[in-house]
Each structure stands twice: as structure tokens, then as C-alpha cells.
Amino acid sequence: MPETDPAMIAPDETVRAAVEAVWDERYSGPDQLWSGAPNGTLLAETEGLAVGTVLDVGCGEGADALWLAEQGWRVTALDVSRVALERAEAEGHRRGVDVHWLHSGLVEADLPARSFDLVSAQYPALFRTPGNVAEHALLEAVAPGGTLLVVHHPAPTLEEAEAHGFHPDDYVGPANVAALLDDSWAIEVDEVRPRHVATGAGSHHTHDVVLRARRLA
């Protein structure tokens, strides 16, 4: 399961509502779901980037978005879970940090094209579709000269996925995004690396798949 919850791409309103309800329920408990710390790969891969506009896809409780805002980024953070966003916004108020919180899935958000200097999707759960809708939405959000950062856990085996009620091909991974990059993009990182997270719902995962690409034009 993802370290942050999903900006889901669902086939109809009924399914979207069901997905939102599932994630709202996960966030409805008294305890914080994730670690509360920004993802380590985000910290590493944004080092040296010029501060600008950033889209945080599937922001969950807002750890990444709040950290980015504290570094001076102008942050839009979206998530399908209203409960998660309420937690994120409350923490932002507590820390005096300004973030544009957006209750939406990625495709449904109707974001301005090519307008973000950084698009960060950390462990998103985006449904795959025949037309690669989610992948194209990620690419289209990146401004010329901007960076796309997609981080996920290694793909589960069929048996592992089915034990959790899904098929490994149901969701978008970094490889699906990389397959759509043409010569208007430069792939700067495409690798698997160790991951060290001590607390939170995703702490059992030990590796990250990291894709970082820059739009050339």
C-alpha cells in the first residue's frame, strides 16, 4: 500500500465515492496514519532545485507539502480524502504554513497545463486506464524546465497483491510513467534504492523505486 494515500483515478462517480470513503475511514482514527515526516526521497531529490511552484499528488496528512512550503515552495497539495486534508490543514495552521489544499483526484482537479516547476507523486495509488490518463495528467502538469518526481514501492508479486485485494497491474508505477517519456524529457534518475522509515503505516517497506525526469521544452 502507498506511503501517502491516493489521488485516485476512478472510472465513475460511484467508484470515486467508494474510494474516498475507504480513505476517509482510514484517516478517521485518533492516531496519525503516516510517520509525519517528509519522505526521504523527496528531500534528497529536491536538493539543489530552484524553489518555485509544486504539485503534491496524494498529499495525505501533508508532511511533504508542509515541508516544501517551509522551504519556500508555492504548494498545491491534492488528495481524495477530506479527512486527511483537514488534518493537513490543521497542522499547517499550527505551523503557520500556507498551502493550497485541494480536495480532488488528479484528473478531476482540472489543473492548469504545464504550470508546476515540480510535480511530486510519492507512493500514489493512481488507477491505470487504457489511455494512460493518470500518467498523462502527471506529465501535463510539469512546466517547461520543470521536474517530475515519481516514487513508489517495488511492484508486489501477484500473490502479494491478490492477498490485499488488487492486481499488481491495477496501479500506475514509475515504469508506466517512464514508458511515456519522449525526447522532450531527460530522465535524470531511474533506480531502486534502500528506504529507511521507522514509523507509520508504510514503515515495513524497505526499498523505493525512484523516477526523476526534467521536461526540456
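- The cluster map of Ile, Leu, Val, Met, Phe, Trp and Tyr, joined by side-chain heavy atoms under 4.5 Å apart, puts Leu180 and Leu111 in the same cluster.
- Taking 4.5 Å as the limit, some side-chain heavy atom of Thr46 sits within range of a side-chain heavy atom of Leu118.
- With 3.5 Å as the limit, one finds no donor-acceptor pair spanning the side chains of Asn39 and Thr41.
- For the pair Arg212 and Thr147, the minimum side-chain heavy-atom distance is below 4.5 Å.
- At a threshold of 4.5 Å between non-hydrogen side-chain atoms, the residues Leu78 and Trp101 do not count as touching.
- Between His100 and Arg74, every side-chain heavy-atom pair lies at or beyond the 4.5 Å cut-off.
- Here the side chains of Leu148 and Val177 are in contact, with some heavy-atom distance below 4.5 Å.
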Compile the donor-acceptor pairs under 3.5 Å between side chains in residues 48-59 and protein atoms, sequence neighbours left out, one pair per line.
residue: Thr53; atom: OG1; partner: Ser115; partner atom: O; Å: 3.1
residue: Thr53; atom: OG1; partner: Asp117; partner atom: N; Å: 3.0
residue: Thr53; atom: OG1; partner: Asp117; partner atom: OD2; Å: 3.2
residue: Asp56; atom: OD2; partner: Ala65; partner atom: N; Å: 3.4

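- Heavy atoms only, all atoms of each residue included: Ala134 and Leu126 are closest at CB-CB, 3.9 Å.
- Residues Tyr123 and Asp208 form a side-chain contact, since some pair of their non-hydrogen atoms from C-beta on lies under 4.5 Å apart.
- Residues Tyr171 and Asn176 bring no donor and acceptor atom of their side chains to less than 3.5 Å of each other.
- Ion pairing of Glu91 with Arg87 is absent here, as no side-chain N (NZ or NE/NH1/NH2) approaches a carboxylate O to less than 4.0 Å.
- In this structure, the side chains of Ile187 and Leu181 come closer than 4.5 Å at one or more pairs of heavy atoms.
- Contact annotation: the side chain of Tyr27 approaches that of Glu61 to within less than 4.5 Å [non-hydrogen atoms, C-beta and beyond].
- We find that Arg193 and Glu45 are joined by a salt bridge, their nearest charged nitrogen and carboxylate oxygen being less than 4.0 Å apart.
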